[in-house]
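Notes follow the structure.
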Amino acid sequence: MLLPALFRPLVDYALPPRCPICGVTVDADNRFCLSCWQKLAFLAKPWCAACGLPLAFEHPQDSCCVKCLIDPPIHDGVRAVVRYDDQSSLIAMRLKYGTRLGLAKLIAQHLQKFVVECRDNAIIVPVPLHRTRLWRRGFNQSVLIGRELARTTGIKMNYNVISRSKRTPPLRGMSGAQRSRIVGSAFALRADAQENLVGGTVLLIDDVYTSGSTSNACARLLKKAGAEQVFVFCWARVISDFEHG
Ligand SMILES: [Zn+2]
Ligand SMILES: [Zn+2]
């Protein structure tokens, strides 16, 4: 029998902790088994200072990949825990579709290491969902991650900064310009948000960084509202076979 989504977190507590990818029993909550841990492609420096793309060689600080040199993103950097692949996408999907809400805690635990390089006046802002999607799903996975990160770091979260005024169609197969145009018009600044952002650093929370069009659309608005820096914090970063540093 399928359990209603409401009761699943309670049931999670009653059962022994399991690896969130393969399901084998593990020592503690929010841990991967050794085998899955070894298969996850954790991202680390050297990476592009602008988009987080892993670079093949150690470069001077703030080096960018070719793509970002030609067309720099509006945000100030991407901090992704892992590369998006068969393993890491399971985590993103299970969080997104509500079968394992505790995964937000796990992701936030991994994001904590990136917080140290951010300045004191930081604020956490999750990428919003459109209201129809929010109603259907019942929660926004980015808010869940942001809330856990706020709880463990003491950084304030404000999820009322940006609203998603339009639903975006699937962007797969579209050019960068098409994506930017569609996504750019999907978000709006909320009128009461501006005073929180002036001169500050925003940690923009998303589950997966794909083309950067969503992050850029949000960063554009956040900077318009006075934010000095916007860093994208996410679980997984898509790295296509064509990308290289
Ligand atoms: Zn496992
Ligand atoms: Zn780059």
Side-chain angles (χ1 to χ4, degrees), residues 12 15-97 99-107 109-110 114 117-118 171 175-177 179-180 183 202-204 206 208-220 223 229-245:
D12 279 353
L15 298 172
R18 289 182 181 277
C19 170
I21 294 177
C22 71
V24 303
T25 307
V26 289
D27 298 348
D29 283 326
N30 306 316
R31 295 252 176 94
F32 298 107
C33 73
L34 184 62
S35 164
C36 291
W37 173 270
Q38 286 170 337
K39 281 183 214 150
L40 281 168
F42 286 95
L43 296 177
K45 289 179 180 176
W47 55 35
C48 166
C51 75
L53 179 73
L55 301 175
F57 305 102
E58 202 65 62
H59 290 254
Q61 224 183 359
D62 296 336
S63 288
C64 290
C65 70
V66 177
K67 188 166 167 264
C68 291
L69 280 174
I70 297 167
D71 183 18
I74 295 161
H75 58 71
D76 297 277
V78 177
R79 301 292 179 264
V81 180
V82 288
R83 180 178 181 153
Y84 187 83
D85 56 20
D86 290 348
Q87 299 280 310
S88 62
S89 62
L90 274 175
I91 298 292
M93 296 298 277
R94 285 174 181 166
L95 173 61
K96 198 169 178 171
Y97 296 107
T99 51
R100 293 288 295 264
L101 296 182
L103 293 175
K105 200 171 181 176
L106 180 149
I107 293 171
Q109 277 170 5
H110 284 278
F114 300 133
E117 57 183 324
C118 298
L171 302 173
S175 71
R179 283 170 187 253
S180 299
V183 177
V202 174
L203 312 184
L204 181 68
D206 207 350
V208 176
Y209 181 93
T210 310
S211 66
S213 49
T214 298
S215 309
N216 265 330
C218 293
R220 184 179 287 114
K223 291 202 166 179
Q229 289 182 298
V230 178
F231 290 101
V232 184
F233 275 41
C234 58
W235 162 243
R237 189 203 189 287
V238 173
I239 299 169
S240 74
D241 293 338
F242 307 107
E243 284 184 299
H244 55 87

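Atoms within each ligand, like the ligands themselves, are counted from 1 in listed order.
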Correct closest heavy-atom pair for Val82 and Ser88 would be CG2-CB, 3.5 Å

For a quick check under 3.5 Å, do Asn216 and Ser213 share a side-chain donor-acceptor pair by atom type? no

message: Go through it in stages, so that I can follow the logic: the residues are Leu204 and His75, the test is side chain to side chain contact (heavy atoms under 4.5 Å, CB included), and I'd like the CA-CA distance, side-chain angles, deciding distance and then a yes or no.
response: CA-CA 9 Å; Leu204 181 68; His75 58 71; over 6 Å; no

How about CZ on Arg18, more than 12 heavy atoms from neighbouring residues, nucleotides or ligands closer than 6.0 Å, or not?
yes

Angle subtended at the Zn ion (ligand 2) by Cys65 SG and Cys68 SG, to the nearest 10 degrees, is 100°

Note: SG(Cys22)-the Zn ion (ligand 1)-SG(Cys19) angle, rounded to 10 degrees, equals 110°

| said: Looking at the Zn ion (ligand 2), is there an N, O or S atom belonging to Cys64 that lies under 2.8 Å away from it? | reply: no

